[in-house]
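Taking it in order: structure first as structure tokens, then the write-up.
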Amino acid sequence: ASIYEGRAAVLVLSSTFRYMLSTASEHEIGIAYYLSNWHRRLWTFQEGMLAENLLIQFSDKAFDYHNDGPSNVNDSVEKGYCVTFPNQATIAVMAEFVILRDFLRDGLFEKPGDPKAVLVGPLAPAISVMHSRSTSKKSDETICLGTLMHVPLEELQRAEAILREQKGIDEGTKLSDDEVAEKRMEIFWSLVNAFSPNVIFNSHKRLSKAGFRWAPGTLLGSPRRGF
């Protein structure tokens with residue numbers, strides 16, 4: 001996390017943008033945002049959230065998304081072009097991401113267990129953003145999200161030691177990533193401490209441990225309608 005926080009900017013290199021001019025039409029840019037793999041990977045969530053500035057590299061220049069904002073569609077509207085799709089495509093990909101960044105700047109991530117912040121806190125938009133992301137290592141999910149929400153990472157990192165103790169196995173015995181991911185998710189929910197009761201009404205795969213069977217086992221790849 002400190003790597004991104006200590007940098008002036010994060011430069012996004014995505015093939016959907018690198019061969020496109022920054023002056024391309026709103027439709028082309030909207031499609032590029034929507035199809036980019038950058039917003040579908042887990043760890044890019046963290047790098048974009050923590051960076052002071054988010055630069056998207058087009059073929060002619062780097063575009064400062066947070067400071068310059070998305071392209072102005074007024075010209076297209078005046079010409080009579082339909083701009084519904086490019087607007088909605090960009091919003092679908094970036095809007096909640098920007099909201100979460102504002103939460104981070106305002107310090108709402110620092111008190112994830114504060115009951116007063118439950119209804120306006122970061123967990124609900126975090127769920128919305130995480131649903132479209134994926135990673136090859138499932139146990140990284142809570143580390144990434146926990147970094148942003150300021151939960152004690154040392155507790156999450158103890159998951160393997162806890163599992164070994166529970167199973168009575170030594171350090172030489174390898175644990176599956178699925179096992180570690182589930183244990184870390186149990187710890188994550190216990191550290192979040194307070195959240196909207198709507199979280200328990202979901203249709204996703206849940207944790208198997210007694211006392212946590214209400215909790216989603218992952219937020220990755222989970223459709224929004226499941227909450």
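At a threshold of 4.5 Å between non-hydrogen side-chain atoms, the residues M20 and S59 do not count as touching. Between K183 and K209, some side-chain heavy-atom pair lies under the 4.5 Å cut-off. Under the 4.5 Å side-chain criterion, counting only non-hydrogen atoms from C-beta, L207 is in contact with M185. No side-chain heavy atom of T16 sits less than 4.5 Å from a side-chain heavy atom of Y34.
Looking only at distances, a side-chain donor or acceptor of W189 sits under 3.5 Å from a matching main-chain atom of P216. A donor-acceptor contact shorter than 3.5 Å is absent between the side chain of Q57 and the backbone of F17. A donor-acceptor contact shorter than 3.5 Å is absent between the side chain of T142 and the backbone of F188. Checking side-chain atoms of D64 against main-chain N and O of L55 turns up no donor-acceptor pair under 3.5 Å. A donor-acceptor contact shorter than 3.5 Å is absent between the side chain of S14 and the backbone of S36. Between the D170 side chain and the T173 main chain, a donor and an acceptor come within less than 3.5 Å of each other. The backbone N or O of T44 sits nowhere less than 3.5 Å from a side-chain atom of R133 that would complete a donor-acceptor pair. Side chain of E186 to backbone of F212: no donor-acceptor contact under 3.5 angstrom is found. Judged by distance alone, the side chain of R164 and the main-chain N or O of I169 form no donor-acceptor pair under 3.5 Å.
Criterion: ILVMFWY side-chain heavy atoms under 4.5 Å apart, direct or through other members. Under it, W214 and I187 are part of a common hydrophobic cluster. Connection of L219 to W43 is established within a shared hydrophobic cluster, with ILVMFWY side chains joined at heavy-atom distances below 4.5 Å, either directly or through further cluster members. Residues L35 and Y33 fall within the same hydrophobic cluster, defined by Ile, Leu, Val, Met, Phe, Trp and Tyr side chains chained together at heavy-atom separations under 4.5 Å. Residues V10 and F58 share a single hydrophobic cluster, defined by chaining ILVMFWY side chains whose heavy atoms lie under 4.5 Å apart.
Summarising the geometry of I29 relative to A24, their closest heavy-atom pair is CD1-O, 3.5 Å, with the distance given to 0.1 Å. Between L153 and I143, the shortest heavy-atom contact is CD2-O, 3.9 Å. The two residues D177 and S139 have their closest heavy-atom pair at OD1-OG, 2.5 Å. When all heavy atoms of R184 and Q157 are compared, the closest pair comes out as NH2-CA, 4.3 Å. Residues L220 and S134 share a closest heavy-atom pair of CD2-N, 4.4 Å.
Partners of K167 by salt bridge (Lys or Arg N to Asp or Glu O under 4.0 Å), not counting sequence neighbours, listed by chain and number: E179.
Around CZ of R158, the count of heavy atoms belonging to other residues, nucleotides or ligands within 6.0 Å does not exceed 12. Residue E154 qualifies as enclosed at atom CD: its count of foreign heavy atoms under 6.0 Å is above 12. Crowding of Q166 atom CD: a count of heavy atoms from other residues, nucleotides or ligands under 6.0 Å exceeding 12. Atom CZ of R40 has more than 12 neighbouring heavy atoms from other residues, nucleotides or ligands inside a 6.0 Å radius.
Atom CG of L11 and atom CD1 of I56 lie 9.5 Å apart (nearest 0.5 Å).
Remark: the E141 side chain and the T135 side chain contain no N/O donor-acceptor pair separated by less than 3.5 Å.
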Run the side chain to side chain contact (heavy atoms under 4.5 Å, CB included) test on S208 and E182 for me, step by step, so that the C-alpha distance in whole Å, both residues' side-chain angles and the decisive distance to 0.1 Å come before the verdict. CA-CA 8 Å; S208 59; E182 176 152 335; 2.5 Å; yes
